[in-house]
Engineer: 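The structure under discussion is supplied below as structure tokens; questions concerning it will follow.
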Amino acid sequence: DAGITQSPRHKVTETGTPVTLRCHQTENHRYMYWYRQDPGHGLRLIHYSYGVKDTDKGEVSDGYSVSRSKTEDFLLTLESATSSQTSVYFCAISESQSQETQYFGPGTRLLVL
Amino acid sequence: QQQVKQSPQSLIVQKGGISIINCAYENTAFDYFPWYQQFPGKGPALLIAIRPDVSEKKEGRFTISFNKSAKQFSLHIMDSQPGDSATYFCAASKAGGTSYGKLTFGQGTILTVHP
């Protein structure tokens, strides 16, 4: 998985609790992305980062925030988890923004009860 | 708003057959069209990609056909093998502006190749 790890790999939480997912890369790639994957929707971009402390919203950013204090780490926070945020979350990285290959991590399966 | 529509949702093919997955897009600003392959429990991985200056790109048994006027592109898997059984996603992105490099994915196709 191109030097990308995600933690935790599985998580069960309760509605209303905050949750933080971590993406860690060893490739020193500048661009990092968070997607969610749901049946019938493919993958949808939540947030992305184009450098340390530089982030922007994606297609489905409501209820999520991100932070990137180091090149290698990109954190996704669900501020107050809801059942609609039950999903599989994937982190991806790319070396440049010019439509280069995005490499995906192994995913985090999140269940919000 | 689904800007990239993929069909079929699922596909069953016999070993040695041809698998065809289709995608249609709405945004004429899209100019990069990758296909990703995903095995169960894994993240998607780039399979093949095309830009609209060519109508076809082939890599081994995998071919992308691109029809700019119809705003459609398709993935053809020749001599399909059981090891090709996976979920396939088409995607699109556009250069320029704040959307530069962001991928919009289709809904996915679950391919099953029977031995």
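Numbers restart at 1 for each chain; the letters A, B, ... are given by sequence-line order, proteins then strands.
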Engineer: Are more than 12 heavy atoms, taken from residues, nucleotides or ligands other than B:Q9, located less than 6.0 Å from that residue's CD atom?
Structural biologist: no

Engineer: Kindly compute the distance separating CZ (B:F105) from OH (A:Y35), expressed to the nearest 0.5 Å.
Structural biologist: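 Answer rounded to 0.5 Å: 5.0 Å.
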
Engineer: What part of A:L43 gets within 4.5 angstrom of chain B, counting heavy atoms only: side chain, backbone, both, or neither?
Structural biologist: both

Engineer: Please classify the contact of A:R9 with chain B as side chain, backbone, both or neither, using a heavy-atom distance under 4.5 Å.
Structural biologist: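 Contact with chain B involves the side chain of A:R9 alone.
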
Engineer: A:F104 and A:V88: same hydrophobic cluster, using ILVMFWY side-chain contacts below 4.5 Å?
Structural biologist: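 As far as the 4.5 Å side-chain criterion goes, A:V88 and A:F104 are connected within one cluster.
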
Engineer: Within a reach of under 6.0 Å around CD of A:E14, are more than 12 heavy atoms found that belong to other residues, nucleotides or ligands?
Structural biologist: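 No, not enclosed.
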
Engineer: Given the rule that I, L, V, M, F, W and Y join up when any side-chain heavy atoms are under 4.5 Å apart, are A:V66 and A:V60 in one cluster?
Structural biologist: yes

Engineer: Drop me the distance from A:Y33's OH to B:K102's NZ, to the nearest 0.5 angstrom.
Structural biologist: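 So the OH of A:Y33 and the NZ of B:K102 are separated by 9.5 Å.
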
Engineer: I'd like to verify something: which residue of A:G107, A:P39, A:G42 has the highest number of heavy-atom pairs under 4.5 Å with chain B?
Structural biologist: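 Counting heavy-atom pairs under 4.5 Å, the top option is A:G42.
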
Engineer: What's the separation between atom OG in A:S94 and atom CG in B:L46, rounded to the nearest 0.5 Å?
Structural biologist: 11.5 Å

Engineer: Working to the nearest 0.5 Å, report the span between CD of A:E59 and OG1 of B:T104.
Structural biologist: 6.5 Å

Engineer: Side-chain atoms of residues 12-22 of chain B: list all donor-acceptor pairs with protein atoms under 3.5 Å, sequence neighbours left out, distances to 0.1 Å.
Structural biologist:
residue : atom : partner : partner atom : Å
B:S19   : OG   : B:S80   : OG           : 2.8

Engineer: Give the minimum heavy-atom separation between A:Q37 and B:Q38, together with the two atoms involved.
Structural biologist: NE2-OE1, 2.9 Å

Engineer: Of all of B:C90, B:G108, B:G41, B:P44, which one pairs up most often with chain A through heavy atoms under 4.5 Å apart?
Structural biologist: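 Most heavy-atom pairs within the cutoff with chain A belong to B:P44.
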
Engineer: Is there a path of hydrophobic side-chain contacts, each under 4.5 Å between heavy atoms, that joins B:I48 and B:F30?
Structural biologist: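 Yes; B:F30 is reachable from B:I48 via cluster members.
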
Engineer: Show every ring-ring contact (aromatic ring centres under 6.0 Å, His included) that has at least one partner inside residues 49-68 of chain B, sequence neighbours left out.
Structural biologist: B:F33-B:F66

